[in-house]
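Here it is, the structure, as structure tokens.
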Amino acid sequence: MSVSTPGLAPFTVSALDALESAAETVAGGAVGTFDILTALIAGDPSGAWERVQLHASWIDVGDRNRFLDASPGPEVEWSGILLTPTAAEG
């Protein structure tokens, strides 16, 4: 199942849930790519995330400040959620 917003790529329900969860985690700040990744991992514990964790080192939300998006530019709003420019591009 996917959710579509006019002018934007469709998202699966699990991806949309992860994006909303990431937004709650940053509490009003801009959601970055790391926030989305950790929310996807937390929301899908049965997924094959060990490969990502193996190649990128083990990560959790406590590592957020080590992996902030570096893209300059204004934040982008998507469906009421602020995204970093890097997350909006992805």
Side-chain angles (χ1 to χ4, degrees):
M1 181 174 175
S2 66
V3 177
S4 183
T5 300
L8 298 173
F11 281 90
T12 64
V13 172
S14 60
L16 187 56
D17 287 346
L19 187 58
E20 290 171 348
S21 176
E24 291 173 11
T25 301
V26 299
V31 173
T33 53
F34 179 82
D35 304 314
I36 296 168
L37 176 60
T38 54
L40 283 167
I41 292 170
D44 183 18
S46 64
W49 297 106
E50 12 347 281
R51 182 179 169 109
V52 172
Q53 297 283 26
L54 178 65
H55 291 286
S57 77
W58 196 263
I59 57 171
D60 66 20
V61 294
D63 296 315
R64 183 176 194 264
N65 289 333
R66 292 179 47 213
F67 300 103
L68 295 174
D69 289 343
S71 289
E75 297 166 341
V76 177
E77 185 176 331
W78 184 87
S79 193
I81 298 172
L82 285 178
L83 301 171
T84 64
T86 302
E89 290 172 12

On a heavy-atom basis, which atom in P85 and which in P74 lie closest, and how many Å separate them?
CG-O, 3.3 Å
Please check: side-chain N/O of T38 versus main-chain N/O of F34, any donor-acceptor pairing under 3.5 Å?
yes
In Å and rounded to the nearest 0.5 Å, what is the CG to CG distance from D17 to D44?
11.0 Å
Close side-chain approach of E20 to I81, heavy-atom, < 4.5 Å
yes
Minimum heavy-atom separation for A18 to L40, with atom names?
CB-CD2, 3.5 Å
Applying the side-chain contact (heavy atoms from CB on, under 4.5 Å) criterion to I36, which one of T84, I41, V31 satisfies it?
V31
Okay, side chain of D35, backbone of V26: is any donor-acceptor separation there less than 3.5 Å?
no
Given the rule in the side chain to side chain contact (heavy atoms under 4.5 Å, CB included) test, do W78 and L19 qualify, once you have shown the distances and angles that lead to the verdict?
CA-CA 10 Å; W78 184 87; L19 187 58; 3.5 Å; yes
